[in-house]
Amino acid sequence: MQDIAQYLEDRTLILLSNREPYEHVHADGLVEVRQPPGGLVSALDPTMRATHGTWVAWGSGSADADMSDSDGRVMVPPANPEYSLRRVFLDDEEVNGYYLGFSNAVLWPLCHMLVQHFEYRDGYWDRYRDVNEKFARAVAAEVDRAEKRPIVWIQDYHFALAADLIRSRSTPILIHQFWHIPFPPSDILRLLPSDVSDSLLRGMLGNDLIEFQTERYALSFLGCVSEFITDADTDADNRVIHYSGRSIEVGVFPISIDVEKYEQLAFEPESLARVERLRGLHACGGRQVGLSVDRVDYTKGIPERLRALTQLWEQYPEMRERFTMLVVATPSRSELASYRHLEEEMVSTVQQINDRFKTENWEPIVLIHKNVSAEVLAGAYRAADICLVSSLQDGMNLVAKEFVACQVDEKGVLVLSRFTGAAEDIDGAILINPFNIDGFVDGIRRALEMSESERRIRMQRMRTQLRSLTIFDWLASILSRTRDIIAARTEATSQA
Ligand code: GDG
């Protein structure tokens, strides 16, 4: 890992995210500490430990309040405290309105342009505003008590209003925000009441730098500002917006994974045992193993993938028994009806496919409908001959990168939706359009029939690209950009 702390020089980082890096939960009469899986926490936690900053997040664990002081503060990691976690507690109404409602039933479908799932309610918006205020107050309090000059870094769409609210309450030297998901074009943003879209864009313009995964999302944001915020001056060529006497930069910073960690995981004895077991069970007699891994979310194109598999086995009977598909589907946001319906649809479609095509020696789809360990995941990535990523829209898609990192034997093929950020970032996958089932079926066939030498060439190319695009490179490029912005401003002020 690079020395990320150097980019902060004598400044401290105050991070704001919805999910917290450590959660205290009651389990069997004891309090357990859990660290949520996922790239963001594993990249930012070492940075926070090295720089002793403050992380502000929703205290969602059942024992969080018991383990924090009266302001919601607790030092973490609990076993070896190095930085401060400031928890903000939410009641049920706030969770329903801000998190399940406006974040996940309004902004999530809107940003992914899947408007059939869009469910706007005034009450959701009211709670979203209140909760953004609440978090902004907590961040502002942390800015005021910081011993070193703070930089505030906001994560994601849960906090579109926070930058402006923080700016009106305190004076950090720089506020920036990483937007993990796509940003919609203006015709889609228009589905929101105009005062709401106006507040969201102005809220985001409270930042000094806004980071997107791809050029396309950055341009959509610039287009929306140019169309809706008439008192802003948008320079799309230079990706800068002049607004309210300030300049706001819009940047492209594709997120990645801890490549070395995934490579090492693929070599772990537990992963290796898993590879052998999976291949022993499903790859006998030269049969190939297909894999998909996602949260059960309508953005991931799970029904479209099942439709393509059905058509493949229907249209090409010789493909039956030629490969088995492992579908790792992690339950997600089950409080929302649209997610529950999707889970039910997925389970029953898999059942129908298996009933229709199975033979005495072969089950077409093996559904693993639960959260699995990182070792199991790495073993499955390594064991797979093809990996199917069929998102209808996806900010980046880390699964595609994790598969490439774990393919230490360089024999797997990535079949990747062209609507993922990853498709613009790595070159070597078979690109498909999940809305075009015929093309999707052809893509799967091409992958299954690809020669060993072509597989190796493509996988080696992707692995080389990935090694120079790790999550630490992502972090370093963002923090060095913020350092440059601060330096340019300091120079401009001293010359004035
Ligand atoms: C958002 C954006 C963007 C899944 N099941 C299990 C498990 N996972 C892990 C995967 C991967 C992560 O969850 C999913 O990441 P994705 O990037 O694929 O998708 P989102 O959750 O939608 O993430 C996305 C990302 O933010 C980062 O900016 O790429 O576009 O939508 O790491 O491995 N992990 C374990 N067990 C599981 O069962 N351990």
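Keep in mind the model is a prediction, meaning the values are calculated, not measured. One-based numbering, in listed order, for ligands and for the atoms of each. One is the number of the first residue; the rest follow in order along the sequence.
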Any atoms of ligand 1 less than 4.0 Å from a non-hydrogen atom of Trp108? List them with their elements. 22 (O), 31 (O)

Min N/O separation Arg295 to ligand 1 under 3.5 Å: yes

What atoms of ligand 1 come within less than 4.0 Å of a heavy atom belonging to Gly395? 30 (O)

Can an N or O of Leu377 be found at a distance shorter than 3.5 Å from an N or O of ligand 1? no

Can you find an N or O of Ser373 that's nearer than 3.5 Å to an N or O of ligand 1? no

In terms of atom number and element, which parts of ligand 1 are under 4.0 angstrom from non-hydrogen atoms of Gln213? 3 (C), 28 (O)

Gln177 (side chain) donor-acceptor with Ala162 (main chain) under 3.5 angstrom: no

Using a 4.0 Å cut-off to any heavy atom of Glu402, which atoms of ligand 1 qualify? 10 (C), 11 (C), 32 (O), 33 (O)

If only atom types and distance count, is the side chain of Asn132 paired as donor or acceptor with the main-chain N or O of Arg129 below 3.5 Å? no

Report the relative orientation of the aromatic rings in His158 and Tyr99; use parallel for angles under 30°, tilted for 30 to 60°, perpendicular for over 60°. parallel

What do you reckon, does Trp474 put a non-hydrogen atom under 4.0 Å from ligand 1? no

Matching residue for Asp394 among Gln213, His112, Lys300 - test: side-chain hydrogen bond (donor to acceptor under 3.5 Å, both in side chains): Lys300

Polar proximity ligand 1 side, His112 side, N/O cut 3.5 Å exclusive: no

Which heavy atom in Val296 sits nearest to a heavy atom in Glu343, and how many Å separate them? CG1-CG, 3.6 Å

Would you tell me which option among His369, His180, Lys370, Lys300 has the nearest heavy-atom contact to atom 20 (P) of ligand 1? Lys300

Polar-atom distance check: Asn371 versus ligand 1, any N or O pair below 3.5 Å? yes

Do the rings of Tyr381 and Tyr262 sit parallel, tilted or perpendicular, given the 30° and 60° boundaries? perpendicular

Pair Tyr298-Tyr339, ring-ring contact (aromatic ring centres under 6.0 Å, His included): steps then yes or no: CA-CA 7 Å; Tyr298 50 77; Tyr339 284 75; 5.3 Å; yes

Between the side chain of Tyr128 and the main-chain N/O of Ala160, is any donor-acceptor distance below 3.5 Å? yes

Quick one: does Val372 get an N or O within less than 3.5 Å of an N or O on ligand 1? yes

Assess whether atom CG of Asp92 is packed by more than 12 heavy atoms of other residues, nucleotides or ligands within 6.0 Å. no

If you measure from atom 16 (P) of ligand 1 to every heavy atom of Asp394, Ile255, Leu398, which option wins on shortest distance? Leu398

